[in-house]
Amino acid sequence: MKIYLASSNIHKKKEISEILPEYTVLCPGDMNIEFNPEENGSSFTENALIKAKALWEIVNEPVLADDSGICVDALNGEPGIYSSRYGSTPAHKLSQEEQNCLLLEKMKGNPHRNCRFVCAMVLYLEKDRYYVIQETLEGTLAEKPIGKGGFGYDPLVFLPDLNKTVAQLTEEEKNNISHRGKALKILKKLLA
Ligand code: ITT
């Protein structure tokens with residue numbers, strides 16, 4: 001069965017495909033669809049809904065969208081919904097490595113390091129008919145990047161219970177406990 005994913009992020013596509021192996025996940029790029037909706041919502045949920053609705057209007061089939069990011073308590077929830085463009089300007093987008101350095105720099109010497117990954121998933125079924133699931137993964141911000149797995153801010157998020165950063169987990173371990181994995185487990189039931 002096909003599922004349309006309103007995303008251009010290959011890492012999200014990979015994780016979602018691993019968690020929903022019974023579905024073929026199709027992104028706009030796989031269908032030569034130019035897709036760049038303006039994510040001008042004020043929350044993860046609003047942005048996920050914007051993306052889901054925009055693709056639904058093109059394919060007219062059920063669409064899944066994921067809006068996610070990292071929120072650091074000591075920075076009032078930053079980078080939050082701006083995680084993918086943290087510290088960037090329209091003319092210059094920082095690399096992920098630069099964004100990670102920027103976040104560590106802002107938090108240098110700050111002992112209050114609670115943070116969480118957030119994932120808002122919208123399953124848009126028909127006009128004005130959709131489900132929203134939002135999940136989190138709690139951690140603490142590491143002092144430096146550790147680990148090579150995952151993507152994005154994974155090397156910065158330390159999980160005290162496991163004594164590892166998210167980037168030190170296997171794909172399966174991450175999918176089992178992550179913000180995205182938890183949201184997809186619930187979504188799986190809805191899809192069934
Ligand atoms: P689409 O909007 O096309 O889906 P995007 O990467 O721009 O792709 P978002 O606006 O949702 O997506 O931003 C998500 C950013 O948050 C992502 O680029 C990472 O920097 C970060 N992020 C989200 N989930 C993550 C995860 O599981 N591990 C590490 N970083 C994550």
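Whatever order the structure lists ligands and atoms in, that order sets their numbers, starting from 1. Please read these numbers as outputs of a predicted model, since none were measured by experiment.
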Flag for N100-Q96: side-chain donor and acceptor within less than 3.5 Å
yes
Does one side chain, of S68 or D66, offer a donor that lies under 3.5 Å from an acceptor on the other?
yes
Lys/Arg N to Asp/Glu carboxylate O, R113 vs D73, below 4.0 Å:
no
Once you measure the plane-to-plane angle for W56 and Y124, does it fall in the parallel (<30°), tilted (30-60°) or perpendicular (>60°) bin?
tilted
As a test of reading the model: which residues have a non-hydrogen atom less than 4.0 Å away from ligand 1?
S7, S8, N9, K12, E39, K51, D66, D67, S68, G69, S83, S84, Q96, F117, F151, G152, Y153, D154, K174, H179, R180
Can you name the one residue among L141, V118, D154 that meets side chain to side chain contact (heavy atoms under 4.5 Å, CB included) with I70?
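So the option named by the test is L141.
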Checking E98 now: which residues fulfil side chain to side chain donor-acceptor pair (under 3.5 Å) with it, not counting sequence neighbours?
S95
